[in-house]
J.: 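One structure follows; several queries about it will come next.
Throughout, a chain's letter reflects where its sequence line sits, starting with A, and its residues are numbered from 1.
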Amino acid sequence: MYGKIILFILLAVLIQYLIRLWTFLGYYKDVKYHHTPGPCRTLYEEDGSEDLSVLKNGLAFITSGYYLEKGKVKLFDFNDPRHGVEDLPILGIDAVPNFMAHPHGLSIWEHPETGVLYLYVLTHPPDQDRVEVFEFDQTKRELKYIKSITDPLFRSMNDLVLVDIDKFYITQIQWFKNTYLAYMEYFLLVKHGEVLFFDGMKARSVASSLHLPNGINSSPDKSLVYVAEFGSQQITVFKRNKDDSLDGIQTVPVDCGVDNIEVDPSSEDLWVGGHPSPGKAIEYNANAGKNRTAPSQVFRMKTSKGLITDVIEIYRNNGTEISASTVATYFKRRILIGSIGSKLLLCDAKYIN
Amino acid sequence: MYLKIVLSSLFLLFLQHLARVIYNMDYHKVVYNHLPGPCRIVPGVEYGSEDMQTLSNGLTFITSGLLFTPSPNSIYKYHEEHNIKGKILLFDFNHPENDAFELKISKGFDQDTFYPHGISILEDKQSGRVTLFVVNHPPGFDTIEKFQFVPEENLLQHIQTYTDPAIHFANDVLATGENSFYFTNYAHFRGYWSHTMEIILDLPFGNIMYFDGNDYKLASDGLLLPNGLAMSRDGKTVYAASSKTEDLKVFRRESNNTLELVQQVPLYSALDNPTVEPETGNILIGAHPVLYQLAEHLHHPEAPAPSQVLYLYTNSTNHVTFVTELYSDAGHTLYGSTVASMYQKKMLIGTILHKLMYCEVRTL
């Protein structure tokens, strides 16, 4: 009798887990219709554009080469789109081992007094994740390496957002770097992703129990922090406290494996790139994007006082035009869409209300 | 022992069917919002705009005030409470600011029992004559009404009523000549509970019939809830939308007017009425993405139901090549979209029992 009850309970646990896994993998969302905000064209075909950020003057910086041992930072000028995308030369890096390995998230900091632009790029060298810091020379259009920042708490990081010089929030998406253990982590649906705060000297955890936290960004006044949870398929809005700790104040379910977030400084809209089917994105990633496609989706989220009020789908594709989109940003009637490992797409936005 | 095997097999069969029914109700589905351009509700249309067709000059005829058998009692009550009348509206794409107004119907036609559903229009380019075929649901049985449009008087002159046992459970009509047309029989059973069971059990008792001027013949049989019909520009292909199998069926017209299936396009949404854009031959379809919300809306029109318009590109052989979602609403502004018609990059979206939406299409 007790045996039957235990069996029944185990069966119920198994069934609810399978349903949650099926919802998480989202293969049923790999739907064959498309939706674009206007005509789109490919700026480049290979190596990807995992994260990008655009300045108020229309210059966009893009990290490329997530699957490569040595990636790049590329530059695109929204004011001169026909010029295309150029690789930014990086100076002063000859002695640094495993430089620009698998570049991932990116954040830009403009010094409020001097106006100097600093780029912080998260990379994955074999030993420990680190953040490379560069200064951007606006006239020569080149990057000068300043230093690398790392911390023993940096296990498997994804994206970062600067709040002051050398101070940033950074997402720790998973625990295991080993492939098989990481898959176990994904499939067990465990929520132990974290957001760490690096205060200039060391890192500490400020938010935990997140389900595969991916992209992170902040409101223009830096009072709120936005985190995209790829696993629970939602955006969480955190309030920043005086001691830099975070309190969750809003959760917006998006039903898409959301990746990176960009915030438009004038409209305060959030632009989010994502993977409608996390299962297909995981498969795509496992093969480093070779011989695979994965559906893509881009959202624009309107805000009011920093809180999200509307979610609008801007772009959706089954992977034939662009696979595994991760990020998107808007500038003067055009949208730039980046992906993990293949293209960079430029679309005309014919209607943004 | 054998009895146990038989019983458990039947139980498993029932369980998997139940799982499929629940899955098809779309509880897990999320509908996003996006517009192809600025959109506005056309004032004055409150009780539906189920089907429409636009002429080459931009004039659009829209059916409104749908009531078909079988309907739940709450719908009959809704009709009584709001004093809903069946009507045909006219909208001019060249003067969208004039909104939509009701066309008069000739005396002698019983407007009190007029409940229009699907519509199909023949335009005679030489004589300028406009002939309308409209599916009607007077209480008790279904008919197909033929009208002629008298533009100077904004009047529809009733010409003929087609009745026959073959017009069994009519949904949409597709005119092929002054006295010939296709029409869909949505399902077989006409009682509320028998109709519900027919849908749940996936019984394929719908069909497409053809009237050639003399007889009613079967054009395609064994269909699951065939809904709207449209014709390709060259008259060689018939497009049929299915609500239950959630696909668009592309049929080739044979010499004897039967229909031969040549392509099925899965669209993951309960499709309603297709229209063909005359300039391009591309297809617009109004659809219902979430079935449980549609079911609720069909019982209580105040309950929101999401809306969707799909745009299907066709090639020179009238096959569908590529699909774009033009409009999507999770149930904020427009409930239960059934049809969309585009004219010079402007679009009208119709609904079962809700309003009429006018959009500029900038994203195509």
J.: What distance do A:Phe299 atom CZ and B:Asn33 atom CG have between them, rounded to the nearest 0.5 Å?
T.: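 Atom-to-atom, A:Phe299:CZ and B:Asn33:CG are 10.5 Å apart.
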J.: Atom CZ of A:Arg316 and atom NE2 of B:His34: how far apart are they, to the nearest 0.5 Å?
T.: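 If I round to the nearest 0.5 Å, the distance is 8.5 Å.
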J.: Are any of the side-chain heavy atoms of A:Tyr33 and B:Thr324 separated by less than 4.5 Å?
T.: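 A:Tyr33 vs B:Thr324: side chains apart.
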J.: Under 4.5 Å between any side-chain heavy atoms of B:Cys359 and A:Tyr351, yes or no?
T.: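 When only atoms from C-beta onward are counted, A:Tyr351 and B:Cys359 do not touch, as no gap falls below 4.5 Å.
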J.: Evaluate whether atom NZ of A:Lys191 has more than 12 neighbouring non-hydrogen atoms of other residues, nucleotides or ligands under 6.0 angstrom away.
T.: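 Incorrect, the count does not exceed 12.
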J.: Sort B:Pro36 into side chain, backbone, both or neither according to what part of it lies under 4.5 angstrom from a heavy atom of chain A.
T.: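 Just the backbone, heavy atoms under 4.5 Å.
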J.: Where on B:Leu310 is there a heavy atom nearer than 4.5 Å to chain A: the side chain, the backbone, both, or neither?
T.: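 Just the side chain, heavy atoms under 4.5 Å.
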J.: If you measure from NZ on A:Lys350 to CD on B:Glu360, what distance do you get to the nearest 0.5 Å?
T.: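 Between A:Lys350 NZ and B:Glu360 CD, I get 13.0 Å after rounding to 0.5 Å.
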J.: Could you look at A:Gln233 and say if it's the side chain, the backbone, both or neither that has a heavy atom under 4.5 Å from chain B?
T.: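 Interface part for A:Gln233: neither.
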J.: If you count heavy atoms of other groups shown closer than 6.0 angstrom to CG of A:Asn79, is the number above 12?
T.: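 More than 12 heavy atoms, drawn from other residues, nucleotides or ligands, come within 6.0 Å of this atom.
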J.: Relative to the ring of B:Phe322, is the ring of A:His34 parallel (under 30°), tilted (30 to 60°) or perpendicular (over 60°)?
T.: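 Geometry flag for B:Phe322 against A:His34: parallel rings.
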J.: Report the option among A:Ile314, A:Asn318, A:Ile312 that has the most heavy-atom pairs separated by less than 4.5 Å from atoms of chain B.
T.: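 Of A:Ile314, A:Asn318, A:Ile312, A:Ile312 has the most heavy-atom pairs under 4.5 Å with chain B.
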J.: Could you check which of B:Val30, B:Val265, B:Leu364, B:Leu326 has the highest count of heavy-atom pairs closer than 4.5 Å to chain A?
T.: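 The answer is B:Val30.
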J.: Yes or no on ring-ring contact (aromatic ring centres under 6.0 Å, His included) for A:His35 and B:Tyr32, after CA distance, side-chain angles and deciding distance?
T.: CA-CA 11 Å; A:His35 162 220; B:Tyr32 300 106; 9.6 Å; no
J.: Given heavy-atom pairs under 4.5 angstrom as the criterion, report whether the side chain, backbone, both or neither of B:Leu35 touches chain A.
T.: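 Contact with chain A is through both the backbone and side chain of B:Leu35.
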J.: Would you say B:Lys29 has more than 12 foreign heavy atoms packed within less than 6.0 Å of its NZ?
T.: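 More than 12 heavy atoms, drawn from other residues, nucleotides or ligands, come within 6.0 Å of this atom.
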J.: Please flag which part of B:Tyr327 lies under 4.5 Å from any non-hydrogen atom of chain A: side chain, backbone, both or neither.
T.: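 Neither the backbone nor the side chain of B:Tyr327 comes within 4.5 Å of chain A.
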